[in-house]
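Worksheet: the structure to be examined is printed underneath.
First the proteins, then the strands, lettered A, B, ... as listed; each starts at 1. The basis for the numbers below is simple: all heavy atoms, side chains too, and nothing from hydrogens, waters or symmetry mates.
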2 protein chains.
Amino acid sequence: MVTLQDVAEKAGVSPATVSRVVRGEGKVGDKCRAHVKKVIEKMGYRPNTNARALASNKTEIVGIIVPNISSPFFGTLAIGAEEAATKAKYKVLMGNSHNEPKTEQALIDSFLEQGCQNIILHSKFTDDATLIKWAKQIKGLVIVNRFVPEIANRCIWLDNVSGGRVMAEHLINQGHKKFAMITSHLKIGDPADRLVGINQSLNRVGLELPENNIVYSNAGMEAGEAGVIELFDRGIEFSALLCFNDSVAIGAINALFDRGIDVPNDVSVIGFDDIIIAKICRPKLTTMNYPINKMAVYATNLSMELTNNEEQEEHKTHLFMPTLTERKSVTKSAS
Amino acid sequence: MVTLQDVAEKAGVSPATVSRVVRGEGKVGDKCRAHVKKVIEKMGYRPNTNARALASNKTEIVGIIVPNISSPFFGTLAIGAEEAATKAKYKVLMGNSHNEPKTEQALIDSFLEQGCQNIILHSKFTDDATLIKWAKQIKGLVIVNRFVPEIANRCIWLDNVSGGRVMAEHLINQGHKKFAMITSHLKIGDPADRLVGINQSLNRVGLELPENNIVYSNAGMEAGEAGVIELFDRGIEFSALLCFNDSVAIGAINALFDRGIDVPNDVSVIGFDDIIIAKICRPKLTTMNYPINKMAVYATNLSMELTNNEEQEEHKTHLFMPTLTERKSVTKSAS
DNA sequence: TTGTAGGCGTTATCAG
DNA sequence: CTGATAACGCCTACAA
């Protein structure tokens, strides 16, 4: 392994000078710099990241913590973060929390131990207080998909109320009047916000989504299937079904299909997230696009700015808007 | 930050002793050890990974390099590797090669720079010679989904010939006689091996897959759609369609559906990989299960054994078998 | 603009 | 069994 020292000797300069040209900082004469660069090239010198981290107490690593990277949504998040990190020559550490706060804490500790001060965190079950504590000890901590007022400027999140509003409006514009919904049993956060938006749009035109037309469950495909069955058991009539996310929507469509109900001709279904399978399923899903990739890129850049002492407006947060993606699962109401 | 020194002073012993108890190596008196441990606990000491790496020239990091972690297949791979790594208290570096050898090389360099000697690599486009070179300089390099004879004991791969055989057999057992296939345009590696297996099964019972019944394209959903159209343009008749992977299969099913052809009643379709969407699509896909998660776990453990100087049989490779997963896209032939 | 030297937190080799 | 004491490779004041 070639060290800074080796290069310095070969080039006939001091280690300090080589260090300067490697980092591109400090004053170095043009001739000298060119010469050193050539020697570095020739010897194939690569700085030792660990030594550098030890001496400078800094690293160029961003850590990504998500529930499960194999889900398309988080995979997309990870790709965005990785892209931004790689572009800045940062490395990326990855960890799956499986939605367990304990695991999350362990990952944070592990990353910190590695000297990683840039962490992109997607956390739904760790309490605000803990997040605030972490934010204090981790300069580059950024939270994705959650809003914590005390650390607003570290939060990159989505306007779920607006999302709910837009999806309901679209259905209204297609002439739908009878709605049902399959959403998450979590009564706070995203699901609740979307419901607020949906009701805003509905109420404005004198329509409503009766509580009895809402099935609360978890957020997977099975939930969509079970949700449809539950709605039928309750004897609910509806021409438009709002789903918490695309997986739920696809499960619902399958269950409807099994009962001989065609989507979109008999019932319209709308999803949320716009994950890859929304383009693959049949019918292709009309859904709200969640710009998670862009958000991840943004979050990563923000994190790096944070650790590089770049000026950040403390009293600002980072809110993204979901947008309607029209495909084939929603159509005009027959009535 | 609490250092080894701090602990040593507080405990009234030398740094060397603390280091010994931290690492659990070397001889330390029972009393002494217990006392030091208590102090460590009380002070909340965490070893500095970078200093450790610098001094010992070892790290506990495994690097994962895949084309694109947001695809379900690679996401599943990553989850398996991460799980095994985390269990051994290793950290995980992640990189996406996007199938570009240059990017792959850059990632390898980057990981090496970090001191990472455990690398799980999924590479299809880097040549054997380069892989062999890497294997020489990276003690814990393990290749997933590829066989390179010279470094056989570092290769974790799938018996694609057997996979092809099994999928064809299943179709034969259902009474199918007219086959078509949409596969990858790569004439070597996985696609070719599967084709060999398919032909073995077919030939044994006097059947065949004529070259004209094969469409070569890439491996995405669009390829499946285009493939079906191409087959019809050629006027091919078939009751069973073999697809290179699940995405292709789903694209094919959609294209068939658009033409009023029902799967599985009119045509049976079989996929490969058994990614998550195989359970989600309609009809649920009959496909070959690719145990990529297990393979990733295995690969990661092997990599760690390799760097820990555990005995490894040089003349051994690691071959996994795909298995048939029956769902709803294949049925008995009408004829 | 360039060089010197001390230090970052651990490991590991010797003595004792 | 325990304790000094060099490394490890690089950064960074401080000098020159």
Side-chain angles (χ1 to χ4, degrees), chain A residues 1-37 39-40 43-61 89 91 109 112-117 307-309, chain B residues 1-37 39-40 43-61 89 91 109 112-117 307-309:
Chain A
M1 142 169 264
V2 186
T3 73
L4 227 183
Q5 288 282 356
D6 299 338
V7 175
E9 284 170 22
K10 193 84 159 191
V13 298
S14 76
T17 301
V18 179
S19 175
R20 289 189 190 99
V21 351
V22 168
R23 286 174 300 145
E25 279 173 25
K27 304 287 183 185
V28 182
D30 287 347
K31 265 184 201 164
C32 182
R33 158 172 287 115
H35 177 226
V36 171
K37 276 195 174 172
V39 176
I40 287 176
M43 301 181 72
Y45 166 72
R46 308 284 292 168
N48 177 317
T49 314
N50 292 117
R52 176 177 284 187
L54 182 57
S56 68
N57 197 28
K58 278 177 210 156
T59 62
E60 296 195 327
I61 302 178
K89 302 218 179 288
K91 297 174 182 64
D109 287 344
L112 247 29
E113 184 180 294
Q114 192 66 36
C116 171
Q117 279 285 314
T307 49
N308 293 334
N309 282 315
Chain B
M1 142 172 265
V2 186
T3 73
L4 230 186
Q5 289 281 358
D6 299 337
V7 176
E9 285 171 22
K10 195 83 160 190
V13 297
S14 76
T17 300
V18 179
S19 176
R20 288 188 191 99
V21 349
V22 168
R23 284 174 300 149
E25 279 173 23
K27 304 288 183 184
V28 182
D30 287 347
K31 264 186 203 164
C32 183
R33 157 171 290 114
H35 177 225
V36 171
K37 275 196 175 171
V39 177
I40 287 175
M43 300 182 74
Y45 165 72
R46 308 283 294 169
N48 178 316
T49 314
N50 292 117
R52 178 175 280 185
L54 181 58
S56 69
N57 197 29
K58 278 178 209 151
T59 62
E60 296 195 326
I61 303 177
K89 303 220 179 284
K91 298 174 181 67
D109 288 345
L112 248 28
E113 187 178 276
Q114 191 66 35
C116 171
Q117 278 285 312
T307 50
N308 293 334
N309 281 318

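Spacing between atom CD of E9(A) and atom C1' of dT4(C) amounts to 15 Å, rounded to whole angstrom units. K27(B) has its NZ atom 12 Å from the P atom of dT2(D), to the nearest Å.
In this structure, Q114(A) and T59(A) have side chains that are not in contact, with every pair of non-hydrogen atoms separated by 4.5 Å or more.
Applying the side chain to side chain donor-acceptor pair (under 3.5 Å) test to every pair with at least one member in residues 22-36 of chain B, sequence neighbours left out, gives these pairs: S19(B)-R23(B).
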Tabulate below the donor-acceptor pairs under 3.5 Å that side-chain atoms of residues 45-57 of chain B make, not counting sequence neighbours, or state none.
unit_1, atom_1, unit_2, atom_2, d
R46(B), NH2, E113(A), OE1, 3.1
N48(B), OD1, N50(B), N, 2.7
N48(B), OD1, A51(B), N, 2.9
T49(B), OG1, E113(A), O, 2.9
S56(B), OG, R52(B), O, 2.8
S56(B), OG, K58(B), N, 3.3

Going 5' to 3' through nucleotides 5-16 of chain C, assign each nucleotide B (protein heavy atom under 4.0 Å from a base atom), S (under 4.0 Å only from sugar-phosphate atoms) or - (no protein heavy atom that close). --BBBBBB----
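When the side-chain nitrogen and oxygen atoms of T17(A) are compared with OP1 and OP2 of dG3(C), one or more of them lie within a distance under 4.0 Å.
Contact record, V2(A) with M43(A): CG2-O, 3.3 Å, taken as the closest heavy-atom pair.
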side-chain contact (heavy atoms from CB on, under 4.5 Å) evaluation trace for V21(B) with I40(B): CA-CA 10 Å; V21(B) 349; I40(B) 287 175; 4.0 Å; yes
